[in-house]
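Worksheet: the structure to be examined is printed underneath.
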2 protein chains.
Amino acid sequence: MEERRREILAAAGRVFARKGFERSTTAEIAREAGVAEGTIFRYFPTKRDLLVSVVASLVMESLPALLERIETGTIEDAIKDILRNRLDLIKENAPLLKLFFAEALFREDLREKFIEEVVLRATARAEAFYRQQQEQGNLRPLNPQIAIRCLMGMLGIFVIWKEFLGGDKYVRFDEEEVLETITTIYLDGVRDRGR
Amino acid sequence: MEERRREILAAAGRVFARKGFERSTTAEIAREAGVAEGTIFRYFPTKRDLLVSVVASLVMESLPALLERIETGTIEDAIKDILRNRLDLIKENAPLLKLFFAEALFREDLREKFIEEVVLRATARAEAFYRQQQEQGNLRPLNPQIAIRCLMGMLGIFVIWKEFLGGDKYVRFDEEEVLETITTIYLDGVRDRGR
DNA sequence: CTAAATTATGAGTGAGCACTCACTAAAATT
DNA sequence: AATTTTAGTGAGTGCTCACTCATAATTTAG
């Protein structure tokens, strides 16, 4: 049944997200899914396939949302809106993204899949947005590939800090203030030009 | 002999950096170090201790360099100089940092050590720099904790892209242009105010 | 209701691997 | 030169864990 497949996939996702791939055992995944260990292997030939399927389903479900919704309005609003949307999306899938990220660091094949199907497509979309705004004279003529990554990096570090490293225990940030500050810095920089 | 200890540590670092912790075997580390497998355990009680020691030695050796050298001169130069120095330092230790990062994602104890001994100290130093410049009226009155992390994030994403994910295969960036653009954006933003 | 087909089970298997230990080689001490 | 101490070895051990397979339960077909 297709239902079982999804249950197993979901359980695997939870366990992987909790412990990472290597430290997760198929026994625990089976327990979490409420099936026998053997059942897993009726649906997925190897543990590795389980990982790839988990990741694939995440990508397939989240990517469309990641690529849509470029708002109009002032650039401030557009950027803040983009950041907010992406942040929500990331937060929803944080455990799995973390898993994926961790695995991608040492697994060429997973990494390629991720970079090609998510990163490159998302950045291309964002770069197009930058170029478009550039032509309208709203943004400075910087290299869009670099400029876009800078914005992603600013957002990314707070995601990594909070969602991946549990940094809240050490320093907790107010989300609105962060988004506000990122937008401010990205658009106008930190230099004080006098009032 | 103390020499052996360092050889084993170095070999372990190389193997861990290549494969990640779980996928590295003590047999391979022994081969890489040119010693018998049993010898490893005369110096390090467990494989885990090996990891912790590798990480500790990295931290101990790199941290001082990470914290010194806040230059004077214009803010542009100071920031560019800081970015350049940190980038060199990171690039030198990239494989081990990657390993550490990957492990930290799923290991509370390692993570705590890293955050407390490296991240918090480094950010505190940088925040102090920001505050100082703020008081001199050079930088806008933004939350220094956030502002500093934004700069780190901008730099960080390029490091992750190139050193951790091997993104050069897809998009390669000119280092100088990246540093230049980061500095520009960080100081003055991307908004076009007309010439 | 029975037979066949499908799906689920979990004890069992074998491979991999961290770690041990009985032994050897070398160095230090007498 | 003899003896003790220290350093190094690698085959062996026991445990973990992904994966198998003979059997059982459930569903479907006749």
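Numbers restart at 1 for each chain; the letters A, B, ... are given by sequence-line order, proteins then strands.
Residue-to-nucleotide proximity on DNA chain C shows that, of Gly34(A) and Thr25(B), the 5′-proximal contact is made by Gly34(A). Nearer the 5' end of DNA chain D, as judged by each residue's closest nucleotide, is the contact made by Glu22(A), out of Glu22(A) and Arg42(A). Place Tyr43(A) and Lys47(B) on DNA chain C by their nearest nucleotides, and Tyr43(A) ends up nearer the 5' end.
At whole-Å resolution of the value, CZ in Arg48(B) and P in dC17(C) are 19 Å apart. At whole-Å resolution of the value, CD in Glu2(A) and P in dT6(C) are 17 Å apart. For Asp49(B) and dA18(C), the CG to P distance is 14 Å, given to the nearest whole Å. Per the geometry, CZ belonging to Phe21(A) stands 12 Å off C1' belonging to dC17(D), to the nearest Å. With rounding to whole Å, Lys19(B) atom NZ is found 13 Å from dG16(C) atom P. Whole-Å rounding puts the Ile29(A) CD1 to dC19(D) P distance at 10 Å. Atom-to-atom, CG of Leu51(B) to C1' of dC19(C) comes out at 17 Å; the value is rounded to the nearest Å. The distance from atom CD of Glu3(A) to atom P of dT26(D) is 18 Å, rounded to the nearest whole Å.
Residues Asp109(A) and Arg48(A) are paired through a salt bridge, judged by an N-O separation under 4.0 Å between the basic side chain and the carboxylate. Salt-bridge formation is not detected for the pair Arg31(A)/Glu37(A): no Lys NZ or Arg NE/NH1/NH2 atom is positioned less than 4.0 Å from an Asp or Glu carboxylate oxygen.
Proximity of Phe158(A) to Glu163(A): side-chain heavy atoms (C-beta onward) are nowhere separated by under 4.5 Å.
Here the side chain of Glu37(B) is nearest to one of dC19(C), dA7(D), dT7(C), namely dC19(C). Here the side chain of Ala36(B) is nearest to one of dA18(C), dG10(D), dC19(D), namely dG10(D). Each of dC19(D), dA18(C), dT9(C) was ranked by its minimum atom distance to the side chain of Val35(A); first place goes to dT9(C).
Put simply, Thr26(A) has no side-chain N or O that comes within less than 4.0 Å of OP1 or OP2 on dC17(D). Close to dT7(C), at under 4.0 Å from its OP1 or OP2, lies no side-chain N or O of Arg4(A).
Under the 30°/60° scheme for interplanar angles, the aromatic rings of Phe114(B) and Phe100(B) are found to stand perpendicular.
With Gln145(B) contributing its side chain and Glu127(B) its backbone, the two residues share no donor-acceptor pair below 3.5 Å.
Within 4.0 Å of Phe44(A), counting heavy atoms only, lies no atom of the nucleic acid at all.
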